[in-house]
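Keep in mind it's a predicted model, so treat the numbers as computed, not measured.
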Amino acid sequence: MSKINFSQMTVAERSKISKRARRNIGSEVTLILTAGFAALMIGLFWFGDLTFLPLAEFLHVRPTVAWVLLAGLLAAVIALFHGLIGSRRIAFARQLEFEVSQLEEARKKQEQDMKIGMMRGAEQGHSKEDN
């Protein structure tokens with residue numbers, strides 16, 4: 001278990017952990033690879049004189065090929081970094097969410113056992129009065 005005191009966590013903190021634990025990193029990486037690629041293509045087009053045109057001249061390839069390769073490479077690198085960083089955070093959030101749920105279940109069971117004990121004590125008290 002972690003060294004976090006779950007009893008002092010606010011509802012907002014628990015909500016933040018729960019939202020992060022429900023994220024799907026695979027979908028996010030796919031979104032970066034597709035939409036990020038398109039956004040990079042547009043961005044690189046506007047700054048072509050500084051980005052892919054010198055690269056195409058250096059590699060002796062057509063500018064369109066350099067443009068697509070540069071946008072694809074940048075999207076892949078960004079998606080890779082996002083996947084590595086995000087997967088660790090999501091795994092940690094899932095672990096915290098699991099620990100919180102375990103503590104909540106233990107607390108509910110303890111309350112239930114206490115209520116059952118009180119009811120049994122009350123029943124025994126009534127049966128002694130009847131005799």
Side-chain angles (χ1 to χ4, degrees):
M1 290 192 42
S2 64
K3 297 176 183 179
I4 297 174
N5 187 356
F6 296 108
S7 62
Q8 295 180 351
M9 288 180 71
T10 64
V11 174
E13 290 171 335
R14 288 184 183 191
S15 175
K16 184 178 178 181
I17 290 170
S18 178
K19 285 179 183 177
R20 182 172 285 162
R22 282 186 269 132
R23 285 174 45 187
N24 184 352
I25 194 70
S27 297
E28 292 178 12
V29 168
T30 302
L31 181 65
I32 291 171
L33 287 173
T34 55
F37 174 75
L40 284 168
M41 289 283 288
I42 294 168
L44 290 174
F45 178 75
W46 287 103
F47 300 104
D49 292 339
L50 302 172
T51 57
F52 69 89
L53 291 176
L55 181 66
E57 190 175 316
F58 177 74
L59 296 175
H60 303 292
V61 295
R62 294 174 49 201
T64 306
V65 172
W67 183 32
V68 171
L69 289 177
L70 185 60
L73 179 65
L74 287 173
V77 168
I78 292 168
L80 177 70
F81 282 131
H82 179 77
L84 290 175
I85 293 169
S87 63
R88 289 182 186 153
R89 288 181 176 174
I90 290 171
F92 182 68
R94 286 181 180 161
Q95 179 65 31
L96 286 178
E97 187 178 44
F98 174 75
E99 291 176 11
V100 167
S101 69
Q102 292 295 317
L103 288 173
E104 285 293 319
E105 289 295 322
R107 184 187 57 78
K108 286 179 183 178
K109 181 160 177 34
Q110 184 181 19
E111 286 178 3
Q112 185 180 19
D113 291 344
M114 190 173 67
K115 286 179 183 178
I116 290 172
M118 289 172 51
M119 289 175 62
R120 286 186 180 157
E123 286 176 3
Q124 290 174 357
H126 286 298
S127 62
K128 289 180 183 177
E129 291 175 3
D130 292 339
N131 289 336

- [ ] Could you tell me whether the side chain of R20 and the main chain of I90 form a donor-acceptor pair under 3.5 Å?
- [x]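 Pair absent, no side-chain N/O of R20 close to backbone of I90.
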TODO: Give a yes or no on whether E104 atom CD has more than 12 heavy-atom contacts from other residues, nucleotides or ligands under 6.0 Å away.
DONE: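 Yes - once you tally the heavy atoms of other residues, nucleotides and ligands closer than 6.0 Å, there are more than 12.
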- [ ] Look at atom CZ of R88 and say whether more than 12 heavy atoms of other residues, nucleotides or ligands are closer to it than 6.0 Å.
- [x]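 No - once you tally the heavy atoms of other residues, nucleotides and ligands closer than 6.0 Å, there are 12 at most.
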Same apolar cluster: [X] and [Y], side chain cutoff 4.5 Å:
X	Y	answer
L33	L44	no
M41	L50	no
L59	L73	no
F47	L53	no
F92	F81	no

TODO: For a side chain to side chain contact (heavy atoms under 4.5 Å, CB included) with L80, tell me which candidate from V77, I78, L84 qualifies.
DONE: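 Checked V77, I78, L84 against L80; only one passes side chain to side chain contact (heavy atoms under 4.5 Å, CB included): L84.
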TODO: Among M114, Q112, M119, find the one that has a side chain to side chain contact (heavy atoms under 4.5 Å, CB included) with I116.
DONE: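 Among M114, Q112, M119, the one meeting side chain to side chain contact (heavy atoms under 4.5 Å, CB included) with I116 is Q112.
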Open item on the list: A side-chain contact here means heavy atoms from C-beta on lying under 4.5 Å apart; do V68 and F37 qualify?
Closed with: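 With C-beta onward as the side chain, the pair touches.
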Open item on the list: Using side chain to side chain contact (heavy atoms under 4.5 Å, CB included), reason through W67 and L55 one step at a time and then give a plain yes or no.
Closed with: CA-CA 9 Å; W67 183 32; L55 181 66; over 6 Å; no
- [ ] Would you please test E111 and K115 for salt bridge (charged side-chain N to carboxylate O under 4.0 Å, His left out) and show each step?
- [x] CA-CA 6 Å; E111 286 178 3; K115 286 179 183 178; 5.3 Å; no
TODO: Mind running side chain to side chain contact (heavy atoms under 4.5 Å, CB included) on S101 and E97 for me, showing each step along the way?
DONE: CA-CA 6 Å; S101 69; E97 187 178 44; 5.7 Å; no
